[in-house]
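In what follows, a single structure is set out as structure tokens and then discussed.
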Amino acid sequence: MHFSGWEKIGFGMLIAAWVAFGSNMIGNALVDAEKLEKSAYQVVAADDTEKTDAKAESAVADDTLTLLASADAGKGEKVFKKCKACHTTEEGGKSKVGPNLWDVVGRAKGSVGGFKFSAAMTDKGGDWSYQDLDGFLASPKGFVSGTKMSFAGIKKASDRAALILFLRSLSASPKALP
Ligand code: HEC
């Protein structure tokens, strides 16, 4: 087949027009897909947060306490490495940045003699029940807003259970499990 110069230019323009038109369509399709993906994602994200919130709450309320039954105090002692810089564990041990933790389970909050607790801690009141320890260790500032314990918290319920079981062992007569 033989095309004249003008014919070639004509074909060329036609193809160029098609390419431009085609890419425009694809472009629009992509933008639409992106919009769709975004709104779909937002719906999912909203659902997820609700779920995680509910989960976090129940984790503090039941999971850790249930997990205590099967937790391992040895593992808890390892988790306690995160606390050692500030807390001693032996009977009559001195307070460091934080108070000594001997016999902490069941003890009145903020009651270690000679340690200067924050007002937030002494105002909180009550004893260190398993549940309160769980809430505090999950999020110190969330549980005692204004506490001077600078620690982010332990997110995993199983780690908290192990840790609390270890804290329970720091006693001549460990408190009954919940
Ligand atoms: C950076 C230092 C620091 C670290 C790390 C730390 N704590 Fe504390 N802790 C404190 C301080 C300070 C207080 C006193 C808080 C107050 O008065 O508000 C405290 C208070 C406590 C109390 C309350 C004691 C009482 O007699 O009322 C418990 C229980 C406790 N910490 C456990 C832990 C555990 C378990 C860990 C490790 C997961 C840990 N802490 C990590 C500094 C620390």
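Position 1 is the first residue of the sequence; numbering continues from there. All ligand and atom numbering here is 1-based and tracks the order in the structure. For the numbers below, each heavy atom of this structure counts, side chains included, while hydrogens, waters and symmetry mates do not.
Side-chain atoms of Ser169 come within 3.5 Å of backbone N or O of Phe166 as a donor-acceptor pair.
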Please tabulate protein-ligand N/O pairs under 3.5 Å for ligand 1, atom names and distances to 0.1 Å.
{"unit_1": "ligand 1", "atom_1": "7 (N)", "unit_2": "His87", "atom_2": "NE2", "d": "2.8"}
{"unit_1": "ligand 1", "atom_1": "9 (N)", "unit_2": "His87", "atom_2": "NE2", "d": "2.8"}
{"unit_1": "ligand 1", "atom_1": "17 (O)", "unit_2": "Ser118", "atom_2": "N", "d": "2.8"}
{"unit_1": "ligand 1", "atom_1": "17 (O)", "unit_2": "Ser118", "atom_2": "OG", "d": "3.4"}
{"unit_1": "ligand 1", "atom_1": "18 (O)", "unit_2": "Ser118", "atom_2": "OG", "d": "2.5"}
{"unit_1": "ligand 1", "atom_1": "18 (O)", "unit_2": "Thr147", "atom_2": "OG1", "d": "2.7"}
{"unit_1": "ligand 1", "atom_1": "18 (O)", "unit_2": "Lys148", "atom_2": "N", "d": "3.0"}
{"unit_1": "ligand 1", "atom_1": "26 (O)", "unit_2": "Arg107", "atom_2": "NH2", "d": "2.9"}
{"unit_1": "ligand 1", "atom_1": "27 (O)", "unit_2": "Gly110", "atom_2": "N", "d": "2.8"}
{"unit_1": "ligand 1", "atom_1": "27 (O)", "unit_2": "Trp128", "atom_2": "NE1", "d": "2.8"}
{"unit_1": "ligand 1", "atom_1": "31 (N)", "unit_2": "His87", "atom_2": "NE2", "d": "2.8"}
{"unit_1": "ligand 1", "atom_1": "40 (N)", "unit_2": "His87", "atom_2": "NE2", "d": "2.8"}

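Stacking of Lys148 on the aromatic ring of Phe115 is recorded, both the 6.0 Å distance cut-off and the 45° axial limit being met.
With sequence neighbours left out, Ala162 forms a side-chain contact (heavy atoms from CB on, under 4.5 Å) with Lys75. In this view, Lys124 satisfies the side-chain hydrogen bond (donor to acceptor under 3.5 Å, both in side chains) rule with no residue, not counting sequence neighbours.
Counting heavy-atom neighbours within 6.0 Å of Lys96 NZ, excluding the residue itself, gives a total above 12.
Within the structure, every pair that satisfies the side chain to side chain donor-acceptor pair (under 3.5 Å) test and touches residues 97-110, not counting sequence neighbours, is listed here: Thr88-Asn100, Asp103-Ser171, Lys109-Asp132.
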